[in-house]
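Shown next, in structure tokens, is the structure this report addresses.
We name chains A, B, ... by the order of the sequence lines, and we start the count at 1 in each one.
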Protein chains: 2
Amino acid sequence: MADPATLSPLKLALLGLLSQRPRSGYDLLKVFSQTAMGGFSSSPGAIYPALKWLVRAGHIAGAVENRDTLRPRRVYRLIDAGTEALKASLRMPVTRDDVMRNADSVLLRFAFAGEVLGRGEAVRILEAYADEIESYLPELKAQLAALPKSAGPYGWHALKHGIDMYRADTRWARKVANELKEQFTARQARRYASTIQ
Amino acid sequence: MADPATLSPLKLALLGLLSQRPRSGYDLLKVFSQTAMGGFSSSPGAIYPALKWLVRAGHIAGAVENRDTLRPRRVYRLIDAGTEALKASLRMPVTRDDVMRNADSVLLRFAFAGEVLGRGEAVRILEAYADEIESYLPELKAQLAALPKSAGPYGWHALKHGIDMYRADTRWARKVANELKEQFTARQARRYASTIQ
DNA sequence: AGCGTCATGTAATGTGTTACATGATTCG
DNA sequence: CGAATCATGTAACACATTACATGACGCT
């Protein structure tokens, strides 16, 4: 990580989940194994060490619950420095590299940015994502044109599908960004209307 | 890799590219940096060691070109054991894990399977991919239903989009699989027609 | 003389997976 | 009483990224 504000996708996911509410390692494990977030990890072998790292980095704090009983659980919560780290990570620009290799992470960042930084920042991520894809699409189209269907029909189909999926991504991102903005202005309009009543 | 037939995505990509024609490390590097296959690697730091590994594993052989000149290049070509390893890897079943984390690899396998194993195997991969997604979709829909839009609207949008993209994936896979099968039967029909003329 | 491309590699580091290890509690 | 789940972790390994290192060739 050249940029110190960049967290690995797993650590970002952990901070995001802990920003919603305190959770134990096992709680987090279940989130990954039982929901669509499973793409960001599996297995205790990744999660427990990552939590340890986050504690040492001063981003989260662990407190032991049921200390006296025979089955204690260590519950982690986000502390100030962790909130800042999460925000900084969510504000990182959307890059070509993100689009090519980490599209899932961008979606994750969108979801948490909405919760942690508010609608405006979520909209900004969606628009940056769409922009970045749109600047990439011409290159992909050129590659498709350079690969005649008659030659490698299988590669051609795969590339074509990739392009179509990117197009669907941008359409979705623009649509949701506009919906979020309209809700905002509609709310402003209502508030304005109520003041002049 | 529990299963010995499983190659890392990068090694699979390298074997696939070398199955098309012999290439040097630098040639391969350019493919990744200049085409949509860039998702499978970047940087010499991954490619050269992987090539070395493939040589040691007996999958490819390197021959030095321009040995006498001052700028020699090492050209790698697939040898028998490598062809077998590639075929075995392409024939691996499409798993839930592939769908959740390695959708790109499945597309890569489809493309190379078509070239290396023929149309039938390519169709099989597409259908297995669609099947696997369709068995996963109900779970995702249940998750979406359990997450009311009013609660976490950002996460809701992200999950909804994930579901829609999976649906687009299956539609595409079924369509292309059917196209490939129809071409096949059309060709058989023509061949049959020519025999009875 | 300097820049861009050709061409190949290594070392340190980060990060995740697989497999292993341990033990308590709850439910049937 | 056995199986599933709760709950936490470690060790070996695989794998890729980043940054570094080297040097020739061709063009301006």
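With sequence neighbours excluded, the residues satisfying side-chain contact (heavy atoms from CB on, under 4.5 Å) with A/Pro22 are A/Val75, A/Arg77.
Between A/Leu10 and A/Leu14, some side-chain heavy-atom pair lies under the 4.5 Å cut-off. At a threshold of 4.5 Å between non-hydrogen side-chain atoms, the residues B/Phe32 and B/Ser43 do not count as touching. Put simply, the side chain of A/Leu12 reaches to within 4.5 Å of the side chain of A/Leu90, judged on heavy atoms. Within the 4.5 Å cutoff, no side-chain heavy atoms of B/Trp172 are placed close to those of A/Asp164.
C/dT15 atom P lies 13 Å from atom CG of A/Leu12, rounded to whole Å. One atom, CG of B/Leu51, and another, C1' of D/dC15, lie 15 Å apart when rounded to the nearest Å. Across the protein-nucleic acid pair, B/Leu14 atom CG and D/dC15 atom P stand 12 Å apart, rounded to whole Å. Counting to the nearest Å, the P atom of C/dA7 and the CD1 atom of B/Ile47 are 14 Å from each other. Between the C1' atom of C/dT25 and the CD atom of A/Glu65 lies a distance of 17 Å, rounded to the nearest Å. In this structure, CZ of B/Arg23 is placed 14 Å from P of C/dT8, rounded to the nearest angstrom. Between the OH atom of A/Tyr76 and the C1' atom of D/dA7 there is a distance of 11 Å, given to the nearest Å. To the nearest angstrom, C1' of D/dG9 lies 7 Å from NZ of A/Lys52.
Closest to the side chain of A/Lys11, from the set D/dC15, D/dT10, C/dT15, is C/dT15. For A/Pro44, the listed nucleotide lying nearest its side chain is D/dT8; candidates were D/dT8, C/dT17, D/dT17. Nearest nucleotide to the B/Lys30 side chain, out of C/dC6, C/dG16, D/dT17: C/dC6. You'll find that the side chain of B/Arg73 is closest to C/dT8, out of D/dT10, C/dT8, D/dT8. When distances are taken from the side chain of B/Tyr26 to each of C/dT17, C/dT5, C/dG16, the shortest belongs to C/dT5.
Of the listed residues (B/Glu134, B/Glu127, B/Glu179), just one forms a salt bridge (charged side-chain N to carboxylate O under 4.0 Å, His left out) with B/Arg174, and that residue is B/Glu134.
Rotation axes derived from the C1' atoms of the five outermost pairs at either end of the helix from C/dA1-D/dT28 to C/dG28-D/dC1 lie 30° apart, to the nearest 10°.
Within the 4.0 angstrom heavy-atom criterion, only backbone atoms of the sugar-phosphate kind lie near B/Gly25; the bases stay farther away.
Under a 4.0 Å N-O distance rule, the pair A/Arg73/A/Asp27 qualifies as a salt bridge.
Each of A/Ser41 and B/Val75 lies near DNA chain C, and the nucleotide nearest B/Val75 is the one positioned closer to the 5' end. Nucleotides of DNA chain D nearest to B/Gly45 and A/Gln34 differ in position, and the one nearer the 5' end is that of A/Gln34. Between A/Trp53 and B/Leu29, the one whose closest nucleotide on DNA chain C sits nearer the 5' end is B/Leu29.
For C/dT17, the OP1/OP2 oxygens have a side-chain nitrogen or oxygen of A/Ser42 closer than 4.0 Å. The phosphate of C/dG14 (OP1 or OP2) has no side-chain N or O of A/Ser8 nearer than 4.0 angstrom. A sub-4.0 Å separation between OP1 or OP2 of D/dA16 and a side-chain N or O of A/Arg101 is absent.
Note: B/Phe110 and A/Tyr154 have perpendicular aromatic rings, judged against thresholds of 30 and 60 degrees for the angle between ring planes.
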